[in-house]
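Worksheet: one structure, shown below.
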Amino acid sequence: MTEDAKAAKERYKSTVQLPQTDFPMKAGLNEREPALQKQWAESDLYGRIRADRKGARPWVLHDGPPYANGDAHTGTGMNKILKDMVVKLRTMQGFDSPYVPGWDCHGLPIEHNVLKELGGKKPEEMTSVKLRELCLDYANGYVNKQRGQFKTTGTLGRWEKPYLTTNPVYEANVLRVFRDLYHKGYITRAKRPVHWSWAAQSALAEAELEYEDRTDPSIYVLMKATGPVAGVENVSLLIWTTTPWTMPANRAVAVAKDAEYALLEYTQAGKTARMVVAEELREDIVARAKLENVKVLKHLKGAELAGVKYSQPLWGFECPVVFADYVTLGDGTGLVHTAPGHGKEDFETGKREGIPAVCPVSPTGQYYSGDRLREELELPAGFKDEHGWFGFIEGKLIWKVNDGIVSKLREHGLLLHSEPFPHSYPHCWRTHTPVIFRVTEQWFVNIDHVEQGESRTLRQRILDEIKQVQWFPAWGEKRISAMVENRPDWCISRQRFWGIPIPAFYDVESGETCIDTETVDHVIGLVTQHGSNVWYDDANWPVEKLLPDAVRPDKFKGRKLAKMDDIFDVWFESGASHRAVMLADDELKDKFPANLYLEGDDQHRGWFQVSLILSVATQGKSPFKQCLTSAFVVDEKGEKGSKSKGNIWAIDQGVRDLGADLIRLYFASVNTSEPIPVTYDLIRGAGDNYRKLRNTWRTLVANLFDFTPEQHALAYSELRPLDQWVLSRAAALIEEVTACWERYEFHHAMRALVQFCTVELSAQYIDVSKDALYCEAKEGPARRRIQTVYWHVATLLVKLMAPVTVHTAEEMWQYLPKLESEPDSVHLAAWPKLDDTLRAMPELDKRYKLLFRLKAESDRVLDRLRKEKVIGKGYDANVTLGCNAALMTELAQHGTPEQLQAELPELLNVSKLLLDAQSDHGALQEFEPATDVQGLWVKVVASAEQACVRCFRRTGDVGSVKEHAFLCARCAEVVEA
RNA sequence: GCGCCGGUAGCUCAGCUGGUUAGAGCACACGCCUGAUAAGCGUGAGGUCGGCGGUUCGAGUCCGCCCCGGCGCACCA
């Protein structure tokens, strides 16, 4: 370039419309996000959203309450972010979509931690009320902490007035659910075997069990028959168990009536003996116990064992053989050790056969001592402990005697074989200790109860309701149905104090339980006013005051009553949230059932199920219409996050280090139905997408610096096909993103969004439209129509991003030239939808698909010439597209050769373009065959023309206007005007 | 043990009801631009679509078996 040309270039620079914007390229999230959040708080954005949508169709996501203990970590943080995304979407779609967060504040972990702070147990002088106050303080402390942590993610909601399960009104509503269940006959108090956590000293519900691996002794015990078996004397019944500690409670051996059994004679360690085992398992047992000289004396059906009695291996008294249909021949011996006090089925069998369910184990998992042990074992009168078992077990923790029992059985010649047995075993979810079965008196919700006026059991009604719910992912329906089909009655009582009391009394003399709907209602009244502490405040609320004669059933009037001291399972409390929140909160009560419950997929077993049970039983329907679950967050190794592993971090720390929008974008970009790896590096990886979105958008808005939509936007009809094509692609994007959101496939929506930015915008439209945008007349239509498209696209992109990158979208919104009618916050704006401008144009889609394929072929050749240093930028080149007849015919569908020739230079970013249909291109050396387009040859030559100093193109007419020697005709005209 | 989900380029994932040489983004390599510039554009390399067998004119896509990973269930006595 000559000196003159350089000077000219500088002179004309001011006539070029270069992009201008203050919208920063760098996100600076950790400064901007808190500032925006402050702004939202000060302008009460959430309140304004609520006011703005008042009266609109409701759409409610009902929040599942996280537990008020510990930090809000990545998992709970993700859950809140996903919820916020959905609520923001629904709000933009015009729904009235309040978000009322809640916390689960009662329960064992808090109780534990408070006791720990007190040195392990409640000080003698401390009242229960005082202790409960400490628990409440503890819970409230974590509510405040977690609230602050959640808010850093940019989540909007009624944070200042959340629902808490400790709120007296909430507590009263839990009791109302109980009252209704009681009234309808769903509640039973009964002695049954329940899962028992000896570490927590409480019964556990199914939802509170976690299966963990554990190795127990697997033992084969010989139960000596007291008489002949099928005519043969001195026969033992071989049983198998992995819980040797239950042997003291053994009261029967169960067999399958129809199964085939074998009566064997065998030699082991030089001694010969006889026993009965299932024929199918005989060889397995012989091999395991290394038996020799095995002879099958007889085959017999289980039924033939009727009437056989054996000597209890520890205590020596006679116990029966019984039949049971759960006896299987999969493993063991086919003869089942039955201890009705330690197993659900054993209990049922015992009940049927009139065998006592003895349970010599205390709440702490120790055998009772002394007389108590004797009593609990229900030993016969005059019993003598000849072998010293009594002293051996008494007072000991059951897990500590497992091995001792094994060796002692061996000493007595009762053990055929033992080996270690690894298996998964239910553990207490809070203390992570193995649970046991204990027979205790508990309160239950009867799942198979049929209430008056109904023909179906509650279980069946829940299953029917499950079918009415939309499950995301769809397999959730199968999973929860299977769980409901198989679940036992729900044990809702716990023997702790930090919770809502089960409002029942008993007659001190007779022991009879005193409860009816009136007494419960009375307590509900007191709890509403004073909170559940009334139950524990003996000084101010003695039983006479708690339940005055006036409200007692007649038979209890004037009697001495005492309070029962069970509390509700915390799942009962959270499961009642539909009643305590959805049906009771001023803002929500006319919006039941909720549109969506959204939690981790562990809640199929937990909150979803208990909510369904309680809502179907009391309201007759599911408390939610849709149910969305996400998988768990894991670390880079795919391991579940846990504090002890140190692979989990508090969400607010992540926000400070990485930025809320980046974390939100990450969670929106991954498939949340599969385990979600969460590490700083992975989230930083989402920064690629973030920057792409941000920069692409920045370019759009930087070219709108002189654009006011009301004044400058052109009508659809004034746009060129290329412009209309972008709008058509944008319309497709809106449809796809919206469809993905409706299916809650956030990551598919984000993919579409990023792809649109990188392909249609960045690589295609923006790249192609630069010349017109920069060099055409500032006010002319060639520039304004591109700005019109930019404006439409920039607007819809901000909106489509708004539920995810809530801060960035808001920041963008402030820089976007908007219609006067748009609100000041993007979160108050309307979700984009198709209209006369944003509309699908299939013909144009087809046209540009073809033309961009031609561009790709041209680019390939241009690239080669660049590497050969023949040309630099595209404007240095002239391109000839040699097309055969078939290709010309295809092209003709999209315009005349003249039209295409006029449009293609811009599209291909070259100075000149020729369509040549005449020659036999294959025979011409200067033409290069295309690789992906049939019938196309490409010829590229360096242009010999002078470049225009203003637009860089080599159009061949530079200097045609005398006054502007360095300009092409187009630029000269623009500059003149 | 039973059931569910997944196994596609180095990474994250698309591939609808089976149909031209399997796609995108990122990362990588090479080049261009320097008027999106701590940006942008182009080109390229990279995949036996977990394995084996089957159905079919044709399979990543359907069927069967197996392997790996994850999750759930439980009458594991």
Seminar exercise, completed: Across every strand shown, the nucleotide meeting Watson-Crick or G-U wobble geometry with B:G42 (both distances under 3.5 Å) is B:C30

Exercise. So, does the side chain of A:Arg751 form a donor-acceptor pair with the base of B:C13 at under 3.5 Å?
Worked result: yes

For this session: Provide, to the nearest angstrom, the distance between the CZ atom belonging to A:Arg866 and the P atom belonging to B:A29.
Result: 20 Å

Problem set entry | Polar side-chain contact A:Thr21-B:A36 base: donor and acceptor under 3.5 Å | no

Seminar exercise, completed: Atom CH2 of A:Trp471 and atom P of B:C5 are separated, to the nearest Å, by 17 Å

For this session: Taking only the side-chain nitrogens and oxygens of A:Lys873, find out if one of them lies under 4.0 Å from OP1 or OP2 of B:U34.
Result: yes

Exercise. Is any NZ, NE, NH1 or NH2 atom of the basic residue among A:Arg459 and A:Glu485 found under 4.0 Å from an Asp or Glu carboxylate oxygen of the other?
Worked result: no

For this session: Can you tell me the pairing partner of B:C62 across any strand shown, Watson-Crick or G-U wobble, with both distances under 3.5 angstrom?
Result: B:G54

Exercise. OP1 or OP2 of B:C73 sitting under 4.0 Å from any side-chain N/O of A:Arg605?
Worked result: yes

Exercise. Between A:Leu761 and A:Glu345, who's closer to the 5' end of RNA chain B by nearest nucleotide?
Worked result: A:Leu761

Problem set entry | Under-3.5 Å donor-acceptor pair between A:Asp859 side chain and B:G42 base | no

Exercise. Between A:Asp771 and A:Arg970, is there a salt bridge with N-O shorter than 4.0 Å?
Worked result: yes

Exercise. Within this structure, what is the CG-to-C1' distance between A:Leu335 and B:A77, rounded to whole angstrom?
Worked result: 12 Å

Problem set entry | Cation-pi, A:Phe952 ring and A:Lys873 (6.0 angstrom, 45 degrees) | yes

Seminar exercise, completed: Tested for side chain to side chain contact (heavy atoms under 4.5 Å, CB included) against A:Leu335, the lone hit among A:Val321, A:Leu281, A:Val253 is A:Val253

For this session: Quickly work out the A:His604 NE2 to B:C71 P distance and round it to whole Å.
Result: 16 Å

For this session: In whole angstrom, give the distance that lies between atom CG of A:Asp681 and atom P of B:A27.
Result: 15 Å

Seminar exercise, completed: When both distances are under 3.5 Å in a Watson-Crick or G-U wobble arrangement, the nucleotide paired with B:C11 is B:G25

For this session: Could you tell me the separation between the CD atom of A:Glu485 and the P atom of B:C75, rounded to a whole number of Å?
Result: 14 Å

Exercise. Pick one: which of A:Leu237, A:Val255, A:Val277 meets side chain to side chain contact (heavy atoms under 4.5 Å, CB included) with A:Tyr261?
Worked result: A:Val255

For this session: Calculate the interatomic distance between A:Leu862 atom CG and B:C33 atom C1'; express it in whole Å.
Result: 13 Å

Exercise. For B:G3, what is the paired nucleotide under Watson-Crick or G-U wobble rules, both distances under 3.5 Å?
Worked result: B:C71

Problem set entry | Nucleotide nearest A:Met483 when distance is taken to its side chain, options B:C73, B:G35, B:C13 | B:C73

Problem set entry | Full working for side-chain hydrogen bond (donor to acceptor under 3.5 Å, both in side chains) between A:Thr699 and A:Tyr790 | CA-CA 9 Å; A:Thr699 302; A:Tyr790 274 24; over 6 Å; no

Exercise. Are OP1 or OP2 of B:A36 and a side-chain N or O of A:Lys770 less than 4.0 angstrom apart?
Worked result: yes

Exercise. Within the structure shown, what part of the strands sits under 4.0 Å from A:His342 by heavy-atom distance: base, sugar-phosphate, or nothing?
Worked result: nothing

Exercise. Has the side chain of A:Lys692 got a donor or acceptor that lies under 3.5 Å from a partner of the other kind on the base of B:G25?
Worked result: no

For this session: Look through every strand shown and name the nucleotide pairing with B:U37 as Watson-Crick or G-U wobble, where both distances are under 3.5 Å.
Result: none

For this session: Would you classify A:Ala702 as touching base, sugar-phosphate or nothing, given that sugar-phosphate means primed atoms plus P, OP1 and OP2, and contacts are heavy atoms under 4.0 Å?
Result: nothing

For this session: May I ask you to verify if any side-chain N or O of A:Ser762 is less than 4.0 angstrom from the OP1 or OP2 atom of B:G40?
Result: no

For this session: For A:Gly872, answer base if it contacts any base atom (sugar-phosphate contacts may also be present), sugar-phosphate if it contacts only those atoms, and nothing otherwise; contact means non-hydrogen atoms under 4.0 Å.
Result: sugar-phosphate

For this session: Nearest whole angstrom, please: distance from the P of B:G25 to the CZ of A:Phe756.
Result: 15 Å

